[in-house]
There are 2 protein chains.
Amino acid sequence: MRKKAPGSYHHGDLRRSLIDAGRMLLAKNNSGGLSLREVAKVAGVSHTAPYRHFKDKAELLAAIAETGFHQLRADAERVAHTYRETPLQQYTHCAARYVRFAVENPETAHLMFGGGIDMRTAPPSLKQASWATFELLIEIIENGKQAGLYKAVDTMDLAVATWSGIHGLSLLIANGYLTQLAASDSQIDGLAQRVARLLLEGIRK
Amino acid sequence: MRKKAPGSYHHGDLRRSLIDAGRMLLAKNNSGGLSLREVAKVAGVSHTAPYRHFKDKAELLAAIAETGFHQLRADAERVAHTYRETPLQQYTHCAARYVRFAVENPETAHLMFGGGIDMRTAPPSLKQASWATFELLIEIIENGKQAGLYKAVDTMDLAVATWSGIHGLSLLIANGYLTQLAASDSQIDGLAQRVARLLLEGIRK
DNA sequence: ACCTGAACACCGTTCAAGT
DNA sequence: ACCTGAACACCGTTCAAGT
């Protein structure tokens, strides 16, 4: 990716270059694994240079996943701010944004949520980033609760139920389980809206 | 795993031996990758023998995922049959079984749902196995619908919303995102029940 | 048909060595 | 401090050869 002047050093930006190169390669090699040597080559350094910044491959992958959480949180935050006066629309549009993130960045979503990284043993900064994303959801639920929109149930339970629904839908779509039902972008948006509504109202008569 | 008489052939059971060895190794190497050579060694054959039964590693992984779907479907089917007279309990207990499957077989669940396999390009038998699992859910929803339990909405939408919620919860737990909220088995069961109930009744007041 | 051993091009990781 | 090249033990896959 970034060409460095031959013979010069990276002076600290190599870490970011490697993460960027990693995300780029991840997007290019559809669903394929990521080679540390390949990342190094794209970043313009020898294949051992990454070890100055990451203790092993897993740590680089964790760093990439972390940027994914930052992006997802930033995306959702922007939407949440736009609809801050209407809690119902805030919920619906944030849900749609979550689904779109997974559909638009399936490899990053795979890394974040696919089980390659166990959050129990993940680096602290990654845990923090993922927790911060969940916190935004909790705020949104709390918002609606104070507006009298949601049940007077433990906010945590409301948040987990909502998160589970949107999260599950995102992964089912991203992994191709629902192509029969929703192939195009507009069909996906439509399905996401209907599911979000059912999560809200329940499936019971 | 299975020892063959030295010098003898496998006569068709090698395929199954490889799948079994693969699942065993997958369970042992927590979250670690699976080496085709390792699988072959455990099955007691040379590292090129698997190519007689699988065109590449991805095809073996797909076959392992397939056994996962068969098991999940069989597990859920047993539960569905037990509670066939009470649609509400049928739904709740099948949901709990789904979550337990993911928690008890995190590596297999990772393989099935983690994004390593894109269902759009998966082998037909795998597509069929995953579809058959979803069909059971559709039956369960249809059951409850005829008993007047669910909304008069498109069954597909009801099924997708339910599946998404249970699926998302399973993966969030299996990947360690909810350890703060549910660590022990009984806590997980409790959370699953409360979430299943919220999916049913909705989060709206 | 079914399996093997050697070979190829890769991979992650370590380490002594260079600036 | 930051980076390199050689080396090690692995890997997936191919292929000619064996029964």
Side-chain angles (χ1 to χ4, degrees), chain A residues 1-22 24-26 28-65 107 111 116-118 121 123, chain B residues 1-22 24-26 28-65 107 111 116-118 121 123:
Chain A
M1 184 92 269
R2 280 166 125 274
K3 245 324 176 19
K4 70 176 172 70
S8 80
Y9 288 107
H10 259 282
H11 290 306
D13 64 346
L14 178 55
R15 193 189 140 90
R16 180 124 298 262
S17 294
L18 290 167
I19 292 174
D20 289 347
M24 220 238 326
L25 284 170
L26 217 51
K28 194 157 61 179
N29 309 0
N30 315 344
S31 90
L34 188 64
S35 144
L36 208 50
R37 292 169 103 109
E38 201 183 7
V39 173
K41 192 186 289 181
V42 169
V45 292
S46 81
H47 64 270
T48 61
Y51 287 91
R52 292 294 123 200
H53 300 272
F54 305 101
K55 86 171 211 292
D56 56 17
K57 187 183 178 180
E59 212 170 274
L60 170 60
L61 292 178
I64 294 174
E107 307 83 8
L111 209 55
I117 298 168
D118 190 325
T121 59
Chain B
M1 184 91 272
R2 279 164 128 275
K3 249 310 173 34
K4 72 177 173 71
S8 81
Y9 289 105
H10 260 280
H11 290 305
D13 64 345
L14 177 56
R15 193 190 141 89
R16 179 125 295 266
S17 295
L18 290 168
I19 292 174
D20 290 346
M24 222 237 326
L25 285 170
L26 217 52
K28 194 156 63 180
N29 309 1
N30 314 343
S31 89
L34 187 65
S35 142
L36 207 50
R37 291 168 103 109
E38 199 183 7
V39 173
K41 193 186 289 181
V42 169
V45 293
S46 80
H47 64 270
T48 60
Y51 287 91
R52 292 294 124 201
H53 299 273
F54 305 101
K55 88 171 210 292
D56 56 18
K57 187 182 178 180
E59 211 169 275
L60 171 61
L61 292 178
I64 293 174
E107 307 84 7
L111 209 55
I117 299 168
D118 189 325
T121 58

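Hydrogens, waters and symmetry mates are skipped; everything else that's a heavy atom, side chains included, is used. Within every chain, numbering begins at 1; the chains are lettered A, B, ... in the order of the sequence lines, protein sequences first and strands thereafter.
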Please determine whether a side-chain nitrogen or oxygen atom of [X] lies at a distance below 4.0 Å from atom OP1 or OP2 of [N].
{"X": "B/S46", "N": "C/dG5", "value": "no"}
{"X": "A/Y51", "N": "C/dT13", "value": "yes"}
{"X": "A/H53", "N": "D/dC3", "value": "yes"}

Q.
For B/S46 versus B/A40, what's the shortest heavy-atom pair and its separation?
A.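 Closest heavy-atom pair between B/S46 and B/A40: O-CB, 3.4 Å.
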Q. What are the two closest non-hydrogen atoms of B/A63 and B/R15, and how far apart are they?
A.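 Reported closest heavy-atom pair: CB-NH2, 4.1 Å.
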Nearest whole Å is fine: how far is [N] [atom2] from [X] [atom1]?
{"X": "B/R37", "N": "C/dC10", "atom1": "CZ", "atom2": "P", "value": "16 Å"}
{"X": "A/K55", "N": "C/dT13", "atom1": "NZ", "atom2": "P", "value": "9 Å"}
{"X": "B/R15", "N": "C/dA1", "atom1": "CZ", "atom2": "P", "value": "19 Å"}
{"X": "B/F54", "N": "D/dT14", "atom1": "CZ", "atom2": "C1'", "value": "19 Å"}

Q: Name the residue closer to the 5' end of DNA chain D, choosing between A/H47 and B/L36 according to the nucleotide with the nearest heavy atom.
A: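 Closest to the 5' end, via its nearest nucleotide, is A/H47.
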Q. Between A/A58 and A/R52, who's closer to the 5' end of DNA chain C by nearest nucleotide?
A.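 Taking each residue's closest nucleotide, the earlier one in sequence belongs to A/A58.
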Q) Taking the nucleotide of DNA chain C with the closest heavy atom to each, which residue, B/A49 or A/D56, is nearer the 5' end? A)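 The answer here is B/A49.
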(Q) Heavy atoms from C-beta onward define the side chain here; which of D/dA7, C/dT4, D/dT13 lies closest to that of B/V45? (A)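 Out of D/dA7, C/dT4, D/dT13, the nucleotide with an atom closest to B/V45's side chain is C/dT4.
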Q) At under 4.0 Å between heavy atoms, what does B/T48 touch on the DNA or RNA strands: base, sugar-phosphate, or nothing? A)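 Base contact.
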Q. Does the side chain of B/L14 come within less than 4.5 Å of B/H53's, by heavy atoms?
A.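 SC-SC contact between B/H53 and B/L14 confirmed.
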Q | Nearest-0.5 Å distance, CG of residue B/L34 to CE of residue B/M24 | A | 10.5 Å
Q: If C/dA1 has a Watson-Crick or G-U wobble mate with both distances under 3.5 Å, name it; if not, just say none.
A: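 Paired with D/dT19.
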Q) If we call it a pair only when both distances are under 3.5 Å in a Watson-Crick or G-U wobble match, what pairs with C/dA6? A)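 The base-pairing partner of C/dA6, which may sit in any strand shown, is D/dT14.
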